[in-house]
Amino acid sequence: MSVVHLNTFSSYTLLSSTIMPEKLAEKAKEYGYEAVALTDRNAMYGVVPFYKACLQHSLRPIIGLTADVLPEGEET
């Protein structure tokens, strides 16, 4: 059984990761993964380069988003 880590941040999640989406796909292929996920926090800027890199490396891309949501009536 293979495992895909679904909580994966790229450099587009500030102060949480430094890896670029293209490099994430490259490393996943190098480690023998069949699929890799990108779930940046409150941003989806890296989705297109990530998707293209996954296709280039014959990986199944899993695209998600970690979103901060405030309860109703609460302000920042």
Side-chain angles (χ1 to χ4, degrees):
M1 174 175 24
S2 61
V3 174
V4 178
H5 298 281
L6 297 178
N7 194 22
T8 308
F9 297 150
S10 74
S11 59
Y12 291 100
T13 300
L14 300 178
L15 303 176
S16 293
S17 177
T18 59
I19 194 163
M20 295 298 293
E22 300 88 351
K23 194 69 170 178
L24 175 62
E26 182 182 319
K27 283 294 183 183
K29 185 65 173 184
E30 182 181 314
Y31 293 150
Y33 291 12
E34 295 177 9
V36 63
L38 179 65
T39 55
D40 280 323
R41 186 176 199 149
N42 298 322
M44 295 190 75
Y45 306 116
V47 168
V48 172
F50 171 73
Y51 182 81
K52 289 180 179 179
C54 284
L55 294 182
Q56 181 182 4
H57 293 289
S58 301
L59 293 166
R60 286 180 297 172
I62 300 171
I63 297 170
L65 174 72
T66 301
D68 293 330
V69 180
L70 291 175
E72 188 175 329
E74 193 172 315
E75 295 184 27
T76 58

K.L.:
Any chance OH of Y33 has more than 12 other-residue heavy atoms, nucleotides or ligands included, within less than 6.0 Å?
P.N.:
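12 or below, so no.
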K.L.:
How close do S58 and K29 get, heavy atom to heavy atom, and via which atoms?
P.N.:
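The pair with the smallest heavy-atom distance is CB-NZ, 4.1 Å.
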K.L.:
Do L38 and L65 belong to the same hydrophobic cluster, where Ile, Leu, Val, Met, Phe, Trp and Tyr are linked whenever their side-chain heavy atoms lie under 4.5 Å apart, directly or via other members?
P.N.:
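Cluster IDs for L38 and L65 match.
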K.L.:
So, for L24 and F50, which heavy atoms are closest and what is the spacing to 0.1 Å?
P.N.:
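Scanning both residues completely, I find the closest heavy atoms to be CD2-CE1, 3.9 Å.
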K.L.:
CD/E26 to CD1/I19 distance, rounded to the nearest 0.5 angstrom?
P.N.:
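One gets 8.5 Å once the value is rounded to the nearest 0.5 Å.
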K.L.:
For A25, what residues pass the side-chain contact (heavy atoms from CB on, under 4.5 Å) criterion, not counting sequence neighbours?
P.N.:
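Partners of A25 by the side-chain contact (heavy atoms from CB on, under 4.5 Å) criterion, ordered by chain and then number, come out as A53, C54, H57, L59.
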K.L.:
If Ile, Leu, Val, Met, Phe, Trp and Tyr residues are connected whenever their side-chain heavy atoms lie under 4.5 Å apart, and connections chain through other members, are I62 and Y51 in the same group?
P.N.:
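No, I62 and Y51 fall in different hydrophobic clusters.
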K.L.:
Quick check: closest heavy atoms across M20 and S11, and the distance to 0.1 Å?
P.N.:
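Shortest heavy-atom separation between M20 and S11 comes out as SD-OG, 3.0 Å.
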K.L.:
In Å, rounded to the nearest 0.5 Å, how long is the span from CD of Q56 to NZ of K52?
P.N.:
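The NZ atom of K52 is 11.0 Å from CD of Q56, to the nearest 0.5 Å.
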K.L.:
For residues 39-49, which side-chain N or O atoms pair as donor and acceptor with protein atoms under 3.5 Å away, sequence neighbours left out?
P.N.:
unit_1	atom_1	unit_2	atom_2	d
T39	OG1	L6	O	2.8
T39	OG1	T8	N	3.0
T39	OG1	T8	O	3.3
D40	OD1	S10	N	2.6
D40	OD1	S10	OG	3.1
D40	OD1	T13	OG1	2.8
D40	OD2	S10	OG	2.7
R41	NE	D68	OD1	3.2
R41	NE	D68	OD2	3.1
R41	NH2	D68	OD1	2.8
R41	NH2	D68	OD2	3.4
N42	OD1	D68	N	2.9
N42	ND2	D68	OD2	2.8

